[in-house]
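To keep things clear, I will list the structure first and then write my remarks on it.
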Amino acid sequence: MYVPAIFFGSSKEVRSRCRPLINQFLKGTSWQEIMNSQELINTQEHPGLIVLHGPDPMIDAYGSNFHCYRLWEQIREKRLWDKMTVDLEDEVFNTSLQYDWGVLGLIAESNSPWVWHRENLYSIEDWTRKRYIPMITACLEHWDTFQAEGKRFSNGSARGEDLWALINSLKYVLANVGVPKSLLQAPMLPSEGLKALVPPEIIP
């Protein structure tokens, strides 16, 4: 999988590299332009874990890793989030789903708030169309790419796991479209893969 070079390093380094991108966006640069401008590197050609939650000093003690959650997590920090309109938020979310590394960033446990149902603003039907279905569709498209990384994903542990084995925002989404808890808690996906879990009325 190819991800932005700025994601590779210590948690602190990645955080500092992401901040200018968010500032560019808030000053008027499109999220598409920001994502297209990133230099990508192949995860298979670099050691380290693909980290989706943190920061954890223990992770940094083992060397450089891919901190793929940082960009979307930082946008949601209060001082930045207060500057986000609904349209800007939708732009970030929908554009990110066009890229496998963008999907991965939104799957991260740290970024679950991007898909939390806002009951005061949207009905469950509207939120399903706005967030759940696009997230599921993008995950189905890119899941083979994530699976190919094997036991390399981490939510803060120095030991890698398969992506499905971790707590992540996709499981929250699937739970909210009716997938039974027992299936979401299973250590492995069914032999038929991720699509076997998706209710047919959601993704025919």
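A donor atom on one side chain and an acceptor atom on the other are found under 3.5 Å apart for Asn36 and Tyr99. A donor atom on one side chain and an acceptor atom on the other are found under 3.5 Å apart for Gln32 and Gln98. When only modelled atom types and interatomic distance are considered, Glu109 and Asn168 share no side-chain donor-acceptor pair under 3.5 Å.
For Trp116, the CH2 atom is loosely surrounded, since the number of other residues' heavy atoms within 6.0 Å does not exceed 12.
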Verdict with supporting geometry, Gln44 and Glu149, side chain to side chain donor-acceptor pair (under 3.5 Å): CA-CA 8 Å; Gln44 297 294 328; Glu149 294 292 333; 3.2 Å; yes
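The two atoms that bring Met84 and Leu26 nearest to each other are SD-CD2, 3.9 Å, heavy atoms only. Considering all non-hydrogen atoms of both residues, Leu174 and Trp164 come closest at CD1-CH2, 4.0 Å. Here the closest heavy-atom approach between residue Gln74 and residue Cys18 is recorded as OE1-CB, 3.4 Å. When all heavy atoms are compared, the tightest approach of Pro4 to Leu40 is N-CD2, 3.5 Å.
Taking the six-membered ring for Trp, Phe66 and Phe7 have ring centres at least 6.0 Å apart. In this structure, the ring of Trp114 has its center no less than 6.0 angstrom from the ring center of Trp127. For an aromatic pair to be called close, the ring centres must be under 6.0 Å apart, and His117 with Tyr122 fails this.
The backbone N or O of Ser30 lies less than 3.5 Å from no partner atom in the side chain of Glu91, so there is not a single donor-acceptor pair. Side chain of Asn155 to backbone of Ile167: a donor-acceptor contact under 3.5 angstrom is found.
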Residues 187-200, side-chain donor-acceptor partners within the protein, below 3.5 Å, at least two apart:
none

Using distance only, find each side-chain donor-acceptor pair of residues 135-147 under 3.5 Å and give its atom names and separation, not counting sequence neighbours.
from: Thr137; atom 1: OG1; to: Ile133; atom 2: O; distance (Å): 2.8
from: Trp143; atom 1: NE1; to: Gln147; atom 2: OE1; distance (Å): 3.4

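When side chains are defined from C-beta on, Phe25 does not count as touching Glu33, because their heavy atoms never get closer than 4.5 Å.
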